[in-house]
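All remarks here apply to the structure that follows.
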Amino acid sequence: MIHFVGAGPGAPDLISVRGARLIEEADVIIYAGSLVNPDVLQNRKKECVVHDSAYMTLEQVIEVMRQAHAENKELVRLHTGDQSLYGAIREQMDELIRLDIQYDDVPGISSFCGAAAALQTEYTLPGVSQSVIITRMEGRTPVPEREKLREMAKHGCSMVIFLSMGLIREVVQELLQGAYTEATPAAIVYKATWPEEKVFHCAVGTLAETAEKEGIKKTALIVVGDFLRASYDRSKLYDPEFTTEFRQAEKTE
Ligand code: SAH
């Protein structure tokens, strides 16, 4: 059996219980060595064979899977964060379907969740923003025209930008063509949940100089939006004057 497993954002104890069990049972592990914390692998069997996908092509990954399947072995394909975001899993799954090899998919905690924890805040604040845009700057991977950063920035909601540290000056230019201003709060979260995690609060206008001054070039998220400010409205859900499915509003005289 092939198991796609989300390793979580970095801290080895932020993998799911199911993912951790599958690692303990695996005969073969293919992991994204460039981003997955190797400590996540520490409970593997002694005889478990480990491959680093950073050095492999899709064809090589599939060949290791095909062989493991033929030998009736348990294989874990470990992706960073949650594999449904920038994980390149579809192309692997489609090859497995073509080869008639069964797989399952165990989600992980994405780094954008790790970043919120590092920032000790919430992306969806009443009266501020009720949406989060997860996106990236166009790099070698093209981004559809209607999803260009400047288009996404028109919403002015909470935004998390992946894979874009190397293009941070362009990111700022794009953001400023949308609803954000130089003063809109922003932050760079480096290696969220890793021991070396760092959070730099700044504004859209100072994102590029912050990244340069702190020497942050990769493994970081750019987060932008008014959710980083102090003010917001209280939630209705926990408001004493609000009736929910489970609780009657307190009577007010
Ligand atoms: N599937 C992953 C994202 C893979 S793309 C997830 O769900 O998190 C790789 C990009 O994710 C990196 O360039 C960086 O922008 C971001 N990233 C991954 N781990 C991170 C972490 N611990 N802290 C900050 N950013 C991270």
Side-chain angles (χ1 to χ4, degrees), residues 3-16 18-19 23 29-41 52-56 58 61 76-93 105-121 123 132-143 147 149 152 158-172 174-175 186-202 207-208 210-212 214-225 228:
H3 310 277
F4 289 91
V5 175
D13 55 351
L14 283 178
I15 191 169
S16 69
R18 189 186 299 175
I23 285 177
I29 295 175
I30 308 176
Y31 83 121
S34 54
L35 275 167
V36 172
N37 188 341
D39 288 350
V40 175
L41 307 178
D52 182 350
S53 60
Y55 301 96
M56 297 164 81
L58 171 63
V61 167
V76 167
R77 174 65 172 108
L78 198 58
H79 283 269
T80 178
D82 180 70
Q83 59 272 37
S84 70
L85 294 171
Y86 311 110
I89 52 166
R90 258 301 290 280
E91 60 191 26
Q92 299 172 61
M93 291 173 169
D105 196 10
V106 181
I109 299 175
S110 175
S111 60
F112 84 91
C113 303
L119 291 161
Q120 300 192 336
T121 191
Y123 293 121
V132 190
I133 290 180
I134 289 169
T135 189
R136 63 170 299 167
M137 185 75 192
E138 180 167 74
R140 281 190 294 179
T141 304
V143 170
E147 292 176 27
L149 199 48
M152 305 307 258
S158 305
M159 191 184 263
V160 185
I161 306 166
F162 282 70
L163 293 162
S164 302
M165 283 311 296
L167 295 164
I168 196 155
R169 288 193 175 274
E170 291 82 346
V171 168
V172 171
E174 294 284 304
L175 293 176
I188 297 170
V189 183
Y190 172 73
K191 287 205 149 186
T193 82
W194 289 68
E196 53 271 51
E197 169 187 290
K198 285 194 188 114
V199 174
F200 304 103
H201 285 273
C202 57
L207 266 171
T210 303
E212 274 154 30
E214 306 294 348
I216 306 300
K217 297 195 179 77
K218 58 178 196 171
T219 329
L221 293 168
I222 302 164
V223 296
V224 183
L228 290 164

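Note that ligands are numbered from 1 as they come in the structure, with each ligand's atoms numbered from 1 the same way. Just so we're clear, the structure is a prediction, and the values are computed from it rather than from any experiment.
- The closest side-chain heavy-atom distance from Val106 to Phe4 is not below 4.5 Å.
- The shortest distance between side-chain heavy atoms of Arg77 and Val61 falls below 4.5 Å.
- The shortest side-chain heavy-atom distance between Leu119 and His201 falls under the 4.5 Å cut-off.
- When side chains are defined from C-beta on, His79 counts as touching Gln92, because their heavy atoms get closer than 4.5 Å.
- Counting only heavy atoms from C-beta outward, the side chains of Gln83 and Asp105 approach each other to under 4.5 Å.
- In this structure, Gln120 has no side-chain hydrogen bond (donor to acceptor under 3.5 Å, both in side chains) partners at least two apart in sequence or on a different chain.
- For ligand 1, the protein residues within 4.0 angstrom (heavy atoms only) are Pro9, Leu35, Thr80, Gly81, Asp82, Leu85, Tyr86, Ser110, Ser111, Phe162, Leu163, Val189, Lys191, Ala192, Trp194, Thr219, Ala220, Leu221.
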